[in-house]
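Since the structure comes first, as structure tokens, the remarks are kept for the end.
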Amino acid sequence: MSTVTPFPADVRPLLEVRQLSQVYNLRRQKLLGPRPTLKVLDSIDFSVRPGEAVGLVGESGSGKTTLTRMLTGVERPGQGQVLYDGVDVWTGGEAHKKLFRRSVQVVLQNPRSSLDPRMRVGTSLLEPLRSLRIEGDHAARVLEVLDQVGLDKNALERFPHEFSGGQLQRIAIARALMPGPKVLIADEPVSALDVSIQAQVLNLLKDLVRDLGLGLVFIAHDLSVVAYTTSKVYVMSSGKIVEVGKPLDLFRNPQAEATQALVGAVLSVEAGLAGNALA
Amino acid sequence: MAIYALRKLAFFLGAVFVASLAIFILIRAAGGNVAAIVLGKDATAEAINALAHAYGLDQPLPVQYFNWITNMLQGDLGQSFRTKESVADLVTARLSVSVPLALSGLLLGLIIAIPVGTYAARNVGKPSGAVLALISQIGIAVPVFWAGILLSVLFGVKLGWLPTGGWVDWRESPIGAIRSLVLPVLSLGLIMAAVLIRYVRSAVLDVMNQDYVRTARAVGMTRTQALLSVGLRNAALPIVTIVGLQIAELIGGTVIIEMVFSLPGLSRMILANVAAREVIVVQSTVMLIIIFVIFVNFVVDLLYGVLDPRVRNAA
Amino acid sequence: MNTTTAPTVTPRRRRRLELNASLVVGVVLTIGFLVIAIVSFFWLPSNPNIPNIKNRMLPPGTVDHWLGTDGLGRDIIAQLMVGARTSILVGAGGATISLILGTIAGLVAAAYGKIADETISRGADIMLSIPGMVTALVLAATMGSGALTTIFALTAFFTPSFTRVIRSAAMSVLQEDFITSAKLYGRGKLFILARHVIPNIAGVMIVQFTLYFAAGILTEAGLSYLGVGVTRPSISWGMMLNEAQQTVGISSPLAMWPGLAIVIVVLGLNLLGDGLRDVLDPKLKRRS
Amino acid sequence: MTSAKPHAIEVKDLVVSNGDVTAVRGVSFTIPQGGRMGLVGESGSGKSMTALALMGLLPMGWNTHGNILHDGVDLVTQSDKALSSRRGRTLSMVFQDPLSSLNPVRRVGDQISSVIRRHTGADKRVAEAQTIELIKQMNLPRPEQLVRAYPHEISGGQRQRIMIAMALACYPQLIIADEPTTALDVTVQKQVLRLLNGAVRDRGSALLMITHDLPIIAAMCDTVAVMYAGRIVEIGPVQEVFRNPRHHYTRGLLDSQPTMDNIALDGSSRLVSIPGMVPPLHSLPTGCAFNPRCPAASDKCRETMPELGTDGINAACWHPIQPAGEVAAQ
């Protein structure tokens, strides 16, 4: 299994949203008069298949955070559907919701914030299994997952403050892998990390997609990082998906204005050395 | 700013309403048959009923509450059961003692605390800063009445400079009135200062670590200039908040200090009326004090809006 | 990639292990205070409530009455020792009840939506505008004075402050990503509050408890001084000051000892609180 | 780079410590008049502490040793008062987060014009006119209205332009920019960099650009110094260092960047990553601080710290990478 081969259209998406819209009420600006509203999501269609790495880029305020909340089941959409394995997450019944919770796992931006500082790493890792009431040999599962992310088992007895940011992000990924998910949602997973550590985490994510056949949704504001990690990129702007395509195509031939802006924002060492980076 | 001010005004009115309800319930509903208590054990049933009727105490509680509020709004605070004096008159007489005492105490506290707290913040980590922090810590631990006692022992008894208690009315002798207020104000102000120094110090320290103070220095201010022109202006925000919160403390301190120095202030009056079960006097006076505190906090909120453009815009 | 990175143990910041003077002094004073209160149950120099006219106004340094006696011949040390009990009963009692109520209210405000938050926060604001001393007077008027009334008054006085502190501490924990993760695993609010929030705000709770314990002792002394606090046979340091002032005038050494006792104990608890704050919650240090 | 001309700044053996840890451990570099140097490093490399030391704005408890020669004086020996008359005039700085770096309770126009008045003695009206002119130069819309705005009322990119205007108001000899675009939205970063680039060039100021982002250095600087664990591990012209890095850390950083080439391989491509992690300052390894992560580390690296400039190579490394050309020649 490799991400190189494009997916045949008949492979069913694991996680999918259809015609998703969401409107937020804002605070009143004038004493009298209507409450202003903001359409944060506007008819979004989005899907990810097994073994596929999908990117989601956009500026801050483009709606990608809200979409992420929908994909992870934190927020219920105003209109439209979130489907896991073809069944609506919000109306498909408790059993399906449980399956969804177990199968779609999240890695968040700031690894220092995503682990409880008062819990040992081992306890944090078991948390998903316990709260989702997943049976089985938990100890063996922990060791297996630690090996997958390249961490030593003596990490289990320690507390988060004893680790560096890069190590914590591995632990966060390990926790996400614990319940054996089918989809991993990574929300800006490297933007809080040191440059020399970012590549380790990006490579790890790619390996997981390849080795475990995971579907990966990679959310970021940096197009080059997303492009490196994924095979299909959705570009968001003002609550809409404005363009979808393969990363290289987007880079070479951006169509939408938002994509052009993002591509234009990418700086590279090569362009800098050639003297035309800021042209 | 208009929306912000209106919001705060709405909160002020709401707070006054809720507080009045709380006071009423606490004093009236929980207090039992007021008329019977006032008249004592030997009173006849007819006398009790007559008194209750005269003061409207036989009406249902909601009606009593409504009457009380509407009368208060018209400036009628009711009258004492025993002396028949109007509460408004009683209170006005006492205000000429309590208000100068409380305000001067607060002012003295601020006058000491702002420069000393700022100095302590500037010298954090140095011996002078540590000594000031310790003095403030000790000051916080001193009960305000003990401070009063110590001061009157020193200045009243040992040195004989000032009266250790009692009151000379303003109309009789303004100097005498001031002389009787010096030690009370000093006790109140010093203890207030000890508490405020701590807050000023931490507010200034907090502000001094902000990026914009560093920017002020990066464009050419010395550390001191940045502290005075950028730091203090921004530290004013948390300090104003604390002063608002301290008003309740200030009132508490005034109550005690009036006792220590036998001043005929509002608190002494409440205390005496608590003992005499003069329910209406207590109820109205307490309500006045609470309205005052809530009003000060309303003003503080408005001031906050004036001082901080972010607050007034957020509405 | 299989680079096995061994976790490095970052040595705890040296500052934490440095002698925290505030903490040491605070612990010593507080333990001394607690020991004296405990000893008072087993041993007292003499009965602090029985007047002994022939021994009245003995000066400090008298055999059997090291700090002398008061206007009715009662031993000062014995009274101070029993007064320590009252301080603990009322101060710690008021602080404990407020801590419990304030924690519940603060957590509800932080975790159970905007309406609960607005109601509780605004309610706390209103309660904070009612001076504690006034509450105590009103309570004394309706309930009669005594230790229980005083604890009640302290509770009414401290609970809103606790609520605010706990709410803001809980809010900042609830914003952390590990809470989002717990929600994603389907953990309920109660579990999140119990397993994630409370352990992370325990430091704040301990520090606040210590500081309000101290404030409680101060307030109790003030109320007893006014005569609306505890009554004999209980003894309060504030009451001793009141009696000293009324019976023998303020310049007597009788007015010194209880005042000194209050200062030392309150200072000890406040230092303890500050010291604990440095150890338990360095982030909070500059906030209050 | 003629030696006759005075330098914008000359730093010799700079050490910054607070008694517990040493954040900068002997750093030397020179920026000529109008020169542009990039200082690149990760968190904990000491790059920001270096910048603050140059400005004399270190947090309480931190001390500076060594020499910082600027405008004819050694800044290390100057009092806060003497330094303050230079800060904002001959030497200025743009910080990372423009929201927290601007005074929240003052209008942005007043913040700029007070800098002008402080250093030039211009009267209020002149300073205000100059402020409007500066804001125009920063490509900001409606300058007359903008001067009356408070920092929270304008966008992040606008705030950072205001910061740049403040820093450039008095035509400084050297401007230090510490991660000036990290806190901004991606699409705004390039505009701000372009503006900073042009404005610095127009004034003939020298630039010290501090960042963890190699492409920014490549775009804006002619020299680069790579810092790791408080020391400069490689220094030289950008073209040379980035095309033929001699230090394994520099090589690793360059390889860690996702580029068009990486993407072109699509899916199967892997970034070359630097193993391990950045060591915390209080427990640095002996010898070369990079040795636990270095592919070429030997016993010598674990024992003795390499110096810059050994064998005429501007990399502090016992086993420097051979440039491609030389390898071919062997």
Side-chain angles (χ1 to χ4, degrees), chain B residues 11 14-16 18-19 22-23 26-27 30-32 137-138 140-147 149-150 152-153 156-158 164-165 198-199 202-203 205-206 209 244-245 247-256 259-260 267 270-271 273-275 277 279 282-283 286 289-290 293-294 296-297, chain C residues 21-22 122-123 125-143 145 156-157 161 164 214-215 217-219 221-223 225-228 237-238 241-242 244-245 249-252 255-256 258-260 262-271 274 285-288:
Chain B
F11 175 69
V16 169
V18 173
I23 292 294
L26 202 59
I27 296 187
Q137 268 290 14
I138 295 174
I140 293 169
V142 174
V144 64
F145 52 94
W146 199 53
I149 290 173
L150 291 182
S152 51
V153 168
V157 180
K158 297 268 195 288
T164 57
R198 213 175 132 79
Y199 286 117
S202 70
L205 265 182
D206 206 31
N209 283 317
L245 286 175
I247 294 296
E249 288 277 337
L250 177 76
I251 303 275
T254 315
V255 172
I256 296 188
M259 282 297 287
V260 176
S267 334
I270 299 180
L271 214 55
N273 284 292
V274 163
R277 303 283 174 161
V279 175
V282 174
Q283 181 179 293
V286 164
I289 293 180
I290 291 171
V293 177
I294 299 177
V296 170
N297 278 295
Chain C
S22 180
R122 293 292 83 81
D125 284 349
I126 294 171
M127 281 180 78
L128 277 175
S129 0
I130 303 177
M133 208 50 85
V134 171
T135 314
L137 291 181
V138 170
L139 281 176
T142 52
M143 294 173 57
S145 46
F157 191 25
S161 317
R164 280 163 68 126
I217 292 176
L218 268 182
T219 315
L223 291 171
Y225 174 80
L226 291 179
V228 292
W237 294 337
L241 277 165
N242 178 327
Q245 194 184 359
I250 50 175
S251 58
S252 135
M256 294 302 114
L260 223 56
I262 297 170
V263 173
I264 290 171
V265 167
V266 172
L267 181 66
L269 281 168
N270 279 336
L271 289 175
D274 277 6
K285 191 179 173 193
R286 266 184 290 105
R287 203 183 298 155
S288 80

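Since this is a predicted model, take the numbers as computed values, not measurements. All chains are named by letter (A, B, ...) in the order of the sequence lines, taking the proteins before the strands, and each is independently numbered beginning at 1.
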Checklist entry - What distance separates B:Leu245 CG from C:Arg164 CZ, expressed to the nearest 0.5 Å? => result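 Output value for this atom pair is 5.0 Å.
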
Item to check | Straight-line distance of B:Ile23 CD1 to C:Ile130 CD1, nearest 0.5 Å | outcome: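 Going from the CD1 atom of B:Ile23 to the CD1 atom of C:Ile130 covers 5.5 Å.
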
Proximal component of [X], with respect to chain C [non-hydrogen, under 4.5 Å]:
X        : result
B:Ile138 : both
B:Glu249 : side chain
B:Leu250 : neither

For [X], is it the side chain, the backbone, both or neither that has a heavy atom under 4.5 Å from a heavy atom of chain B?
X        : value
C:Val265 : neither
C:Ala221 : both
C:Leu269 : neither

Item to check | Donor-acceptor pair, side chain of B:Trp146 and main chain of C:Gly238, under 3.5 angstrom | outcome: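 Such a contact is absent between B:Trp146 side chain and C:Gly238 backbone.
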
Checklist entry - Side chains of B:Gln137 and C:Leu267: closer than 4.5 Å at any heavy-atom pair? => result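 Side chain of B:Gln137 against side chain of C:Leu267, heavy atoms only: contact under 4.5 Å found.
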
Next on the checklist: A side-chain contact here means heavy atoms from C-beta on lying under 4.5 Å apart; do B:Ile247 and C:Pro131 qualify?
Outcome noted: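 No; the side chains remain at least 4.5 Å from each other.
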
Item to check | Matching residue for B:Phe145 among C:Leu226, C:Asn242, C:Leu241 - test: side chain to side chain contact (heavy atoms under 4.5 Å, CB included) | outcome: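 In the set C:Leu226, C:Asn242, C:Leu241, the residue that makes a side chain to side chain contact (heavy atoms under 4.5 Å, CB included) with B:Phe145 is C:Leu241.
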
Taking every non-hydrogen pair under 4.5 Å, which of [options] racks up the most with chain B?
options                                : value
C:Pro258, C:Ala214, C:Gly268, C:Gly222 : C:Gly222
C:Val134, C:Asp274, C:Ile217           : C:Asp274
C:Thr219, C:Leu271, C:Val266, C:Ile264 : C:Val266

Item to check | Partner chain C: residue of B:Leu271, B:Asn297, B:Val260, B:Asn273 with the largest heavy-atom pair count (under 4.5 Å) | outcome: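 Looking at each of B:Leu271, B:Asn297, B:Val260, B:Asn273 in turn, B:Val260 comes out on top.
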
Next on the checklist: Which one wins on heavy-atom pair count under 4.5 Å against chain C: B:Ile251, B:Ile256, B:Val142?
Outcome noted: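 It is B:Ile256.
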
Item to check | For C:Val263 against B:Pro143, the heavy-atom pair lying closest together | outcome: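 Looking at all heavy atoms of both residues, the closest pair is CG2-CD, 4.1 Å.
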
